[in-house]
Amino acid sequence: MAGESEAARHPYAPTDLELPGYVPISLPLTTILGVYLLSSLFITLLLWTLSGRLPKKTKIERLLMCWWIFTGLTHIVLEGYFVFSPEFYKDSSYLAEVWKEYSKGDSRYATRDSAIVSLEGLTAVLEGPACILAVYAIATDKSYSYILQFAISLGQLYGTFMYYITALLDGDNFSSSPIYYYLYYVLLNSFWILIPSLIAIRCWKKICIAMSSESHKKTKVP
């Protein structure tokens with residue numbers, strides 16, 4: 001019985017959460033973060049290099065392609081795993097370790113909060129593939145490039161704000177320490193507010209300029 005009690009302990013808040021069969025994190029934090037950061041860096045650098053071979057692509061367009069491939073694969077692979085692995089806290093795979101570590105900043109992931117699963121599900125299934133499509137749209141100068149990026153950015157902003165709002169409404173007591181709260185819950189998610197906001201503003205301006213130009217052309221037609 002003592003061994004079972006020890007195995008059932010977890011580092012999440014509140015401490016009375018029930019996670020039967022919980023398997024403690026076995027990988028060091030440096031490995032969990034290092035693999036994610038290095039793989040993300042490899043993908044973005046690869047796309048940056050390949051995008052340099054495309055004709056007439058500005059640095060901003062190439063950076064946007066890097067952002068969309070990074071966030072798209074994060075949505076599909078990382079968040080997709082969470083959505084379709086309801087008992088990841090019993091697993092010891094790398095992706096399970098990532099979510100067990102992140103749950104220290106927000107235990108709603110470990111407990112499969114319905115709001116979190118819904119938001120992450122939509123993000124993984126809809127926004128993830130849309131981000132990959134955005135890379136293709138920018139690379140091939142598709143007419144829908146700006147409206148697609150604008151729509152994805154709004155979706156990311158909506159999801160991030162809902163993520164914070166639902167936590168506040170439920171008491172905002174899901175972090176095991178201030179360090180995890182500010183590092184995981186606040187800092188990491190803030191990138192999905194700042195960057196989508198900048199992209200949405202840029203796309204809005206581009207769309208407005210295009211519509212204004214089209215309007216002027218129509219007025220000149222006799």
Side-chain angles (χ1 to χ4, degrees), residues 4-5 7-27 29 32-33 36 68 70-133 151-197 200:
E4 294 180 1
S5 175
R9 292 181 181 177
H10 60 72
Y12 310 124
T15 55
D16 59 354
L17 290 180
E18 294 185 6
L19 296 176
Y22 169 75
V23 175
I25 299 174
S26 58
L27 292 177
L29 178 60
I32 295 174
L33 294 180
Y36 177 67
W68 290 126
F70 160 72
T71 189
L73 291 178
T74 296
H75 291 333
I76 294 171
V77 178
L78 203 59
E79 294 167 276
Y81 170 84
F82 164 76
V83 172
F84 297 105
S85 302
E87 295 186 333
F88 69 86
Y89 58 84
K90 297 181 181 180
D91 195 4
S92 57
S93 65
Y94 170 74
L95 291 177
E97 297 284 86
V98 171
W99 286 113
K100 284 190 285 186
E101 176 64 27
Y102 183 79
S103 294
K104 293 177 182 178
D106 189 345
S107 63
R108 293 180 298 169
Y109 282 83
T111 57
R112 303 291 293 181
D113 179 86
S114 59
I116 293 298
V117 175
S118 298
L119 288 172
E120 293 290 10
L122 291 173
T123 299
V125 175
L126 297 180
E127 292 182 9
C131 291
I132 305 302
L133 180 59
I152 302 171
S153 297
L154 289 185
Q156 291 180 328
L157 287 170
Y158 174 81
T160 307
F161 282 124
M162 287 298 295
Y163 172 67
Y164 284 130
I165 290 171
T166 52
L168 290 172
L169 292 176
D170 289 335
D172 199 16
N173 60 342
F174 306 106
S175 181
S176 57
S177 78
I179 293 178
Y180 295 119
Y181 180 86
Y182 289 106
L183 179 60
Y184 294 166
Y185 178 74
V186 176
L187 179 61
L188 292 185
N189 288 287
S190 66
F191 291 106
W192 274 267
I193 292 178
L194 176 61
I195 297 178
S197 295

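Just the heavy atoms: all of them, side chains too, but no hydrogens, waters or symmetry mates, feed the values below.
Smallest separation of non-hydrogen atoms from Tyr81 and Ala96: OH-CB, 3.2 Å. The shortest non-hydrogen separation linking Ser175 to Ala13 is O-CB, 3.4 Å. Contact detail for Glu97 and Leu27: the closest heavy-atom pair is OE2-N, 2.8 Å. The two residues Pro196 and Phe191 come nearest to each other via the heavy atoms CD-O, 3.4 Å. Heavy-atom minimum distance, Leu157 versus Ser197: CD2-OG, 3.4 Å.
The closest donor-acceptor contact from the side chain of Lys104 to the backbone of Ser177 lies at 3.5 Å or more, if one exists at all. Panel note: side chain Glu127, backbone Ile152; no donor-acceptor pair is recorded below 3.5 Å. Listed for the Trp99 side chain is a donor-acceptor partner under 3.5 Å among the backbone atoms of Leu78. Panel note: side chain Tyr180, backbone Ser103; no donor-acceptor pair is recorded below 3.5 Å. A donor-acceptor distance shorter than 3.5 angstrom exists from the side chain of Tyr94 to the backbone of Ile32, with no hydrogens or angles considered.
Proximity of Ile193 to Phe161: side-chain heavy atoms (C-beta onward) are separated by under 4.5 Å at one or more points. With contacts defined as side-chain heavy-atom distances shorter than 4.5 Å, the pair Leu187/Ser190 qualifies. For the pair Ser85/Asp91, no side-chain contact is recorded, criterion being any heavy-atom separation below 4.5 Å from C-beta on. You'll find the side chain of Val98 stays beyond 4.5 Å of the side chain of Phe88, heavy atoms only. In this structure the side chain of Phe82 never reaches within 4.5 angstrom of the side chain of Thr123, judged on heavy atoms.
Put simply, CG on Leu33 and CG on Leu183 are 7.5 Å apart, with the number rounded to the nearest 0.5 Å. Between Glu79 atom CD and Leu122 atom CG the span is 11.0 Å, to the nearest 0.5 Å.
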What's the verdict on side chain to side chain contact (heavy atoms under 4.5 Å, CB included) for Tyr12 and Ser176, showing C-alpha distance, side-chain angles and the deciding distance? CA-CA 5 Å; Tyr12 310 124; Ser176 57; 5.7 Å; no
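With sequence neighbours excluded, the residues that form a side-chain hydrogen bond (donor to acceptor under 3.5 Å, both in side chains) with Tyr184 are Glu101. Thr71 pairs by the side-chain hydrogen bond (donor to acceptor under 3.5 Å, both in side chains) definition with His75, Gln156, Trp192, not counting sequence neighbours.
In Ile179, the CD1 atom is not crowded: 12 or fewer heavy atoms of neighbouring residues, nucleotides or ligands sit closer than 6.0 Å.
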Name each donor-acceptor pair under 3.5 Å that joins a side chain in residues 164-171 to protein atoms two or more places apart or in another chain, with its distance.
unit_1	atom_1	unit_2	atom_2	d
Tyr164	OH	Tyr185	O	2.8
Tyr164	OH	Val186	O	3.2
Thr166	OG1	Arg108	NH1	3.0
Thr166	OG1	Met162	O	2.8
Thr166	OG1	Tyr163	O	3.1

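Each of Val125, Asp113, Val83 was compared with Glu120 under the side-chain contact (heavy atoms from CB on, under 4.5 Å) criterion, and only Val83 meets it.
Classification of the His10-Tyr22 ring pair by plane angle, with boundaries at 30° and 60°, yields perpendicular.
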